[in-house]
Undergrad: 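One structure coming up, written as structure tokens, with questions to follow.
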Amino acid sequence: MDIPAVPDLTAPVPTPPGRRDLAALPKAHLHLHFTGAMRPSTLVDIAREQQVRLPPHLLYIDPMNMPADGRGWFRFQRAYDSARHLVRSEATMRRLVRETLEDEAAEGSVRVELQVDPTSYAPWVGGITPALEIVMDEARAASSDTGVDVGLIVAASRIRHPLDARVLARLASQYAGDGPGQVVGFGLSNDERVGTTADFAPAFRIARRAGLVGVPHGGELAGPESIREVVAALNPRRIGHGVRTAEDPGLLDRLVAEGVAFEVCPTSNVHLGVYTDFSQVPLPSLISAGATVALGADDPLLFRSRLVEQYAQARDTFGLSDRELAGLARQSIEASLAPSSSKLRWFARIEEWLAAQPAAA
């Protein structure tokens, strides 16, 4: 199998003189998908083990040099499905969880909230319950070994029947808790232009009764009207993406007032053709409106960019100071579903980061 060299996504991001190391900045990663967090090298390893020829769209990924009409959801979903179909065993699932937390530890993440739809892996491990339990068990162990606190988001899919979402909500409710590897939230992912948002409201009510927080996707592929539907039907505490809210200042002000946080994944927006480059992502507009923003990498495997790179791009593109970047890290922790005692401890570490001397000029 002819496979090109794959990138090391955890290679250190260069620190400009006079700035602080972003990998040392304590932060929370709140928008990260299970398969999409896979290392490119692991993808190649698994493909070789299974003697599967990887399609070109999984290997040759350079969105910044790709014309806008070559990007988009269809291309992304095809690649994600190809990668997900390689995850066919408990051992592989455990490997993905462990490597994800190792990578997050290397980037300074103190908290990760990993999204998983157990339906995708159920056929290989005996059902949706074993699939979720495998992820939970390995997340617990890897959290202990790496020091990265982890909660799970069980995410239903818009392209499946809303009754399937209710099944997942009941499953998630059985494992709700705030300990390492337990389920803390319920999400809704996939193409937001598909299906009727209100049809998924019963599933979110089931999850909410169990104490799970609603964290659905919205406002990336579709505009402000999609966000209004998500907010009205699903009562979220956070919105996955939500960047298109910036197109409606009134709606943005309302969500800020209501305390809804935004999981902003700039590189994802560019890969999917929502914006042509990082400079068009309305991060400054969200910040100036007072929004709580948690930067996320979404699917590093396919977008070839991890969390630290989001901070570095925000620094370089928008000229954010170290103090402003620390503010974003603090917001990510505040928006997390971690216990308050943990948040206070991490806030103190952010202050220590700011008190340290920056890199020498």
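The model shown is predicted, which means the values in this text are computed figures rather than measured ones.
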Undergrad: Do the non-hydrogen side-chain atoms of P300 and R304 ever get within less than 4.5 Å of each other?
TA: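 No - every pair of side-chain heavy atoms lies 4.5 Å or more apart.
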Undergrad: Under 3.5 Å, is there a donor-acceptor pair between the side chain of T196 and the main chain of D199?
TA: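 No, because the side chain of T196 does not come within donor-acceptor range (under 3.5 Å) of the backbone of D199.
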Undergrad: I need the minimum non-hydrogen distance between E192 and L221, along with the two atoms involved.
TA: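 Smallest heavy-atom distance, with atoms named: OE2-N, 2.8 Å.
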Undergrad: Under a 3.5 Å cutoff, is there a donor and acceptor pairing between the side chains of S288 and S285?
TA: no
Undergrad: Measuring only between side-chain heavy atoms, which start at C-beta, is Y275 closer than 4.5 Å to P282?
TA: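 Contact flag for Y275/P282 side chains = yes.
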Undergrad: Is the backbone of A105 close enough, under 3.5 Å, to the side chain of S109 for a donor and an acceptor to pair up by distance?
TA: no
Undergrad: side-chain contact (heavy atoms from CB on, under 4.5 Å) for L132 and I128? Distances and angles first, verdict last.
TA: CA-CA 6 Å; L132 180 58; I128 57 174; over 6 Å; no
Undergrad: Would you indicate whether the side-chain heavy atoms of T92 and I46 approach each other to under 4.5 Å?
TA: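 Side chain of I46 against side chain of T92, heavy atoms only: contact under 4.5 Å found.
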Undergrad: Walk me through whether E324 and R330 qualify under salt bridge (charged side-chain N to carboxylate O under 4.0 Å, His left out).
TA: CA-CA 10 Å; E324 288 170 322; R330 183 183 178 89; over 6 Å; no
Undergrad: With side chains defined as the heavy atoms from C-beta onward, is the minimum distance between F318 and P284 less than 4.5 Å?
TA: yes
Undergrad: Are a donor atom and an acceptor atom from the side chains of R158 and T197 found within less than 3.5 Å of each other?
TA: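 Note: R158 and T197 side chains meet the donor-acceptor criterion.
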Undergrad: Between Q115 and L32, does a side-chain contact (heavy atoms from CB on, under 4.5 Å) hold up when you go through it step by step?
TA: CA-CA 6 Å; Q115 293 194 36; L32 184 66; over 6 Å; no
Undergrad: Indicate whether the side chain of T292 and that of Q331 have a donor and an acceptor atom separated by less than 3.5 Å.
TA: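 There is no such pair between these side chains.
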Undergrad: Side chains of E138 and L96, heavy atoms from C-beta outward: is any pair under 4.5 Å?
TA: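 Not touching, per the 4.5 Å side-chain cut-off.
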Undergrad: Which atoms form the tightest heavy-atom contact between S173 and I206, and what is the distance?
TA: OG-O, 3.6 Å
Undergrad: Show the numbers, then the answer: is there a salt bridge (charged side-chain N to carboxylate O under 4.0 Å, His left out) between E309 and R306?
TA: CA-CA 6 Å; E309 181 64 23; R306 292 193 53 83; over 6 Å; no
Undergrad: R20 side chain to D322 main-chain N or O, any donor-acceptor pair under 3.5 Å?
TA: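 No, R20 side chain to D322 backbone: no donor-acceptor pair under 3.5 Å.
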Undergrad: Start with the C-alpha distance between R244 and V274, add both sets of side-chain angles, then the distance that settles side-chain contact (heavy atoms from CB on, under 4.5 Å), and finish with yes or no.
TA: CA-CA 9 Å; R244 302 284 295 278; V274 179; 4.1 Å; yes
Undergrad: Quick one: does any side-chain atom of T245 pair with a main-chain N or O of G242 as donor and acceptor, under 3.5 Å?
TA: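 Yes, T245 side chain to G242 backbone: donor-acceptor pair under 3.5 Å.
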Undergrad: With distance as the sole test, does E351 use its side chain to make a donor-acceptor pair with the main-chain N or O of A348 at under 3.5 Å?
TA: no
Undergrad: Do V215 and L234 sit in one hydrophobic cluster, given that two such residues count as connected whenever their side-chain heavy atoms are within less than 4.5 Å of each other, even indirectly?
TA: no
Undergrad: Side chains of D149 and V110: closer than 4.5 Å at any heavy-atom pair?
TA: no
Undergrad: Using the rule that two of Ile, Leu, Val, Met, Phe, Trp, Tyr join whenever any of their side-chain heavy atoms come within less than 4.5 Å, decide whether I239 and F204 are in one cluster.
TA: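 Yes, same cluster.
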Undergrad: Backbone N or O of S336 within a donor-acceptor pair of the K343 side chain at under 3.5 Å?
TA: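 At least one qualifying donor-acceptor pair exists.
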Undergrad: Quick check: closest heavy atoms across P162 and F200, and the distance to 0.1 Å?
TA: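 Closest pair (atom of P162, atom of F200, distance): CA-CE2, 3.7 Å.
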Undergrad: Do Q50 side-chain atoms and L86 backbone N/O form a donor-acceptor pair below 3.5 Å?
TA: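 A pair under 3.5 Å: yes.
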Undergrad: Quick one: do the T146 and E104 side chains pair a donor with an acceptor below 3.5 Å?
TA: no
Undergrad: Please give me the minimum heavy-atom distance between P118 and V154, naming the atom from each residue.
TA: CD-CG1, 4.2 Å
Undergrad: Starting from the C-alpha separation in whole Å, work towards a yes-or-no answer on side chain to side chain donor-acceptor pair (under 3.5 Å) for S268 and E220.
TA: CA-CA 9 Å; S268 167; E220 184 183 35; 3.0 Å; yes
Undergrad: Could you go through the salt bridge (charged side-chain N to carboxylate O under 4.0 Å, His left out) check for E352 and R349 one step at a time?
TA: CA-CA 5 Å; E352 293 172 1; R349 288 177 55 185; 5.5 Å; no
Undergrad: Run the side-chain hydrogen bond (donor to acceptor under 3.5 Å, both in side chains) test against D145 and tell me which residues pass, sequence neighbours left out.
TA: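 By the side-chain hydrogen bond (donor to acceptor under 3.5 Å, both in side chains) rule, D145 matches R98.
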Undergrad: Can you check whether D21's main-chain N or O pairs, donor with acceptor, with W353's side chain at less than 3.5 Å?
TA: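 Checked: pair present.
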Undergrad: Is there a side-chain contact (heavy atoms from CB on, under 4.5 Å) between F34 and V97 once you walk through the steps?
TA: CA-CA 8 Å; F34 178 64; V97 173; 3.4 Å; yes
Undergrad: Does CD belonging to Q357 count more than 12 external heavy atoms closer than 6.0 Å?
TA: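 Atom CD in Q357 is not packed in, count stays at 12 or less.
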Undergrad: For the residue pair T35 and Y121, confirm or rule out a side-chain donor-acceptor distance under 3.5 Å.
TA: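 Checked: T35/Y121 side chains pair up, N/O donor to acceptor below 3.5 Å.
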Undergrad: List the steps and the verdict of salt bridge (charged side-chain N to carboxylate O under 4.0 Å, His left out) for E113 and R111.
TA: CA-CA 7 Å; E113 293 180 3; R111 168 77 174 184; 3.0 Å; yes
Undergrad: Which heavy atom of P26 sits nearest a heavy atom of A24, and at what distance?
TA: CD-O, 3.2 Å
Undergrad: Counting N and O atoms only, with roles assigned by atom type, does the side chain of D299 sit under 3.5 Å from a partner on the main chain of L301, one being a donor and the other an acceptor?
TA: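 Pair absent, no side-chain N/O of D299 close to backbone of L301.
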Undergrad: Flag this pair as yes if the NZ/CZ of R238 is under 6.0 angstrom from the six-membered ring centre of F262 and inside a 45 degree cone about the axis; otherwise no.
TA: no
Undergrad: Before giving the answer on side chain to side chain donor-acceptor pair (under 3.5 Å), spell out for Q310 and S305 the whole-Å C-alpha distance, their side-chain angles and the decisive distance to 0.1 Å.
TA: CA-CA 8 Å; Q310 310 307 305; S305 180; 2.8 Å; yes
Undergrad: Tell me whether V148 shares a hydrophobic cluster with L337, the cluster being built from Ile, Leu, Val, Met, Phe, Trp, Tyr side chains joined at under 4.5 Å.
TA: no
Undergrad: Testing Y80, F278, F303 for ring-ring contact (aromatic ring centres under 6.0 Å, His included) with H271, which one passes?
TA: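 Output: one option passes, namely F303.
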Undergrad: Answer yes if the side chains of E99 and T42 hold a donor-acceptor pair under 3.5 Å, and no otherwise.
TA: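 On atom types as modelled, these side chains qualify, holding a pair under 3.5 Å.
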Undergrad: Starting from V293, can I reach I227 by hopping between I/L/V/M/F/W/Y residues whose side chains sit under 4.5 Å apart?
TA: yes
Undergrad: In plain terms, say whether R254 and E258 are close enough for a salt bridge, that is, a side-chain N and a carboxylate O under 4.0 Å apart.
TA: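 Counted as a salt bridge, because a side-chain N and a carboxylate O are separated by less than 4.0 Å.
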Undergrad: With a 4.0 Å cut-off on N to O distance, would you call D137 and R94 a salt bridge?
TA: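 Judged by the 4.0 Å cut-off on N to carboxylate O distance, D137 and R94 do form a salt bridge.
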Undergrad: Any side-chain heavy atom of I153 within less than 4.5 Å of one from V184?
TA: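 Touching, per the 4.5 Å side-chain cut-off.
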Undergrad: Minimum heavy-atom separation for D164 to R160, with atom names?
TA: OD2-CB, 3.6 Å
Undergrad: What about L283 and V308, same hydrophobic cluster or not, with Ile/Leu/Val/Met/Phe/Trp/Tyr joined at side-chain heavy-atom distances under 4.5 Å?
TA: yes
Undergrad: With H31, which residues qualify under ring pair (Phe, Tyr, Trp, His ring centres under 6.0 Å), at least two apart?
TA: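 Residues passing ring pair (Phe, Tyr, Trp, His ring centres under 6.0 Å) with H31: H33, H217, H241.
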Undergrad: Return yes if some donor-acceptor pair links the side-chain N/O of R237 with the main-chain N/O of V213 below 3.5 Å, else return no.
TA: no
